[in-house]
Amino acid sequence: MFKALENKKTLRVARDLIGKILVRKIGKKIIRERITETEAYIGPHDLACHSSRGKTKRNEVMYCVAGTIYVYFTYGMHWMLNIVTEEEGFPAAVLIRGTENFKGPARLTKALQIDKSLNGKKLGKKAGLWIENDLKIKNFPPAGLGRAGKLKISRLPRVGIPYAGDIWKNKLYRFVLKEK
DNA sequence: GCAGTGATCATA
DNA sequence: ATGATCACTGCC
C-alpha cells in the first residue's frame with residue numbers, strides 16, 4: 001500500500017523527532033542528546049531510499065515494524081542510524097542526521113558507539129537506545145526556538161543524494177531545528 | 001577541492 | 001568473480 005497518507009506518517013515522525021532526546025546507554029554510562037536534524041526515506045519509489053531497488057540483505061530491516069533500528073555501513077568507515085517507520089512490509093525510515101553536540105550522521109554514531117550490533121533491534125532499554133520526550137527538560141525550548149511544544153523547524157532537501165533524480169532529490173524531506 | 005575506505009550490490 | 005557505488009568526513 002503506497003498511499004500518500006502513509007508517506008505522511010514517516011514525514012510526521014521525522015518532524016516529531018526534532019527536539020526529542022536520543023538516549024544511548026553504554027554499560028553504566030548514559031548519553032542524552034537532543035535531536036536537531038533528520039531525514040525521511042519513504043517507500044519503494046523514493047529513488048533516494050535504499051528500498052527503491054527492492055529488498056536486499058542490507059535494507060531488509062526497513063521492512064520491519066516501526067521503531068526498529070536500521071543501521072548500515074557506508075563509505076568504508078561510517079555507520080548511519082535510522083528509525084524504521086510505517087506498517088510492517090512498507091520500507092521506510094528516518095535517518096538521524098545530527099544532535100546538539102554531534103553534527104553529522106557518522107559523527108553521531110561514532111560518539112554514541114552505534115554500529116551493526118544494533119541493526120534490527122527495537123528501540124528500547126534492552127537495545128540500549130531509545131527516545132525520550134523533552135517534557136522533563138526545563139527551560140526548553142530555549143529562547144528564540146519557539147514556544148513550548150512548538151519548535152521552529154526548517155524543511156530542506158536531503159543531503160548527499162545527487163543520483164535520486166530531480167523529483168526525489170528536491171523533496172523537502174529534511175528537517176532541521178532552527179538555531180537562534 | 002577531493003582522498004580515504006571497504007561492505008554491498010548489480011552484472012556476468 | 002569483478003567493478004562501481006556510496007543517506008560521509010576530514011584535510012588540502
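Heavy atoms only: backbone and side chains are in, while hydrogens, waters and symmetry mates are out. Small disclaimer: the values here were computed from a predicted structure and weren't measured. Reminder, nothing fancy here: chain letters follow the sequence lines and each chain counts from 1.
A donor-acceptor contact shorter than 3.5 Å links the side chain of A:Asn59 to the backbone of A:Gly54. Of the possible polar contacts, none joining the A:Arg24 side chain to the A:Ile31 backbone as a donor-acceptor pair under 3.5 Å is found.
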Problem set entry | Under 4.0 Å protein heavy-atom contact, by nucleotide of nucleotides 2-12 of chain B - B base, S sugar-phosphate only | --BBBSSSS--
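A 6.0 Å sphere centred on CD1 of A:Ile167 holds no more than 12 heavy atoms belonging to other residues, nucleotides or ligands.
A straight line from CG of A:Asp115 to C1' of C:dC8 spans 17 Å, rounded to a whole angstrom. In this entry the distance linking OH of A:Tyr72 with P of C:dC6 reads 11 Å, nearest Å. Distance, A:Arg107 CZ to C:dC11 C1': 12 Å, rounded to whole Å. In this structure, the CH2 atom of A:Trp168 is 16 Å from the P atom of C:dA7, given to the nearest Å. In this structure, the NZ atom of A:Lys171 is 19 Å from the P atom of C:dA7, given to the nearest Å. Here the C1' atom of nucleotide C:dA7 and the CG atom of A:Leu47 are 14 Å apart, to the nearest Å. Look at CZ on A:Phe102: it is 12 Å from P on C:dG10, rounded to the nearest Å. Taking atom CD1 of A:Ile114 as the reference point, atom C1' of C:dC8 lies 16 Å away to the nearest angstrom.
Stem analysis of DNA chain B (Watson-Crick or G-U pairs, both distances under 3.5 Å, runs of at least three) returns B:1-4 with C:8-11, B:6-11 with C:1-6.
For the pairing with A:Tyr63, the side chain to side chain contact (heavy atoms under 4.5 Å, CB included) check across A:Glu86, A:Lys55, A:Glu87, A:Glu88 returns one residue only, A:Lys55. Checked options A:Arg107, A:Glu33, A:Glu37; the residue passing with A:Thr99 is A:Glu33 (criterion: side chain to side chain donor-acceptor pair (under 3.5 Å)).
In this structure, A:Lys110 is not positioned above the aromatic face of A:Trp79 in the sense of NZ or CZ being under 6.0 Å from the six-membered ring centre and within 45° of the axis. A cation-pi contact links A:Arg58 to A:Tyr72, judged by a cut-off of 6.0 Å to the six-membered ring centre and 45° from its axis.
Spacing between B:dA3 and C:dA4 at atom P, rounded to whole Å, works out to 16 Å.
Using a 4.0 Å heavy-atom criterion, one finds that A:Leu95 contacts the bases of the nucleic acid, with or without backbone contacts as well. Nucleic acid contact for A:Ala106: sugar-phosphate only, since backbone atoms but no base atoms lie under 4.0 Å from a heavy atom of the residue.
Residue A:Tyr163 places at least one side-chain N or O under 4.0 Å from the OP1 or OP2 atom of C:dA7. Of the side-chain N and O atoms in A:Arg97, one or more sit less than 4.0 angstrom from OP1 or OP2 of C:dC8.
Ion pairing of A:Glu39 with A:Arg158 is absent here, as no side-chain N (NZ or NE/NH1/NH2) approaches a carboxylate O to less than 4.0 Å.
Using a 4.5 Å cut-off on side-chain heavy atoms (C-beta onward), A:Ile42 and A:Leu11 make contact.
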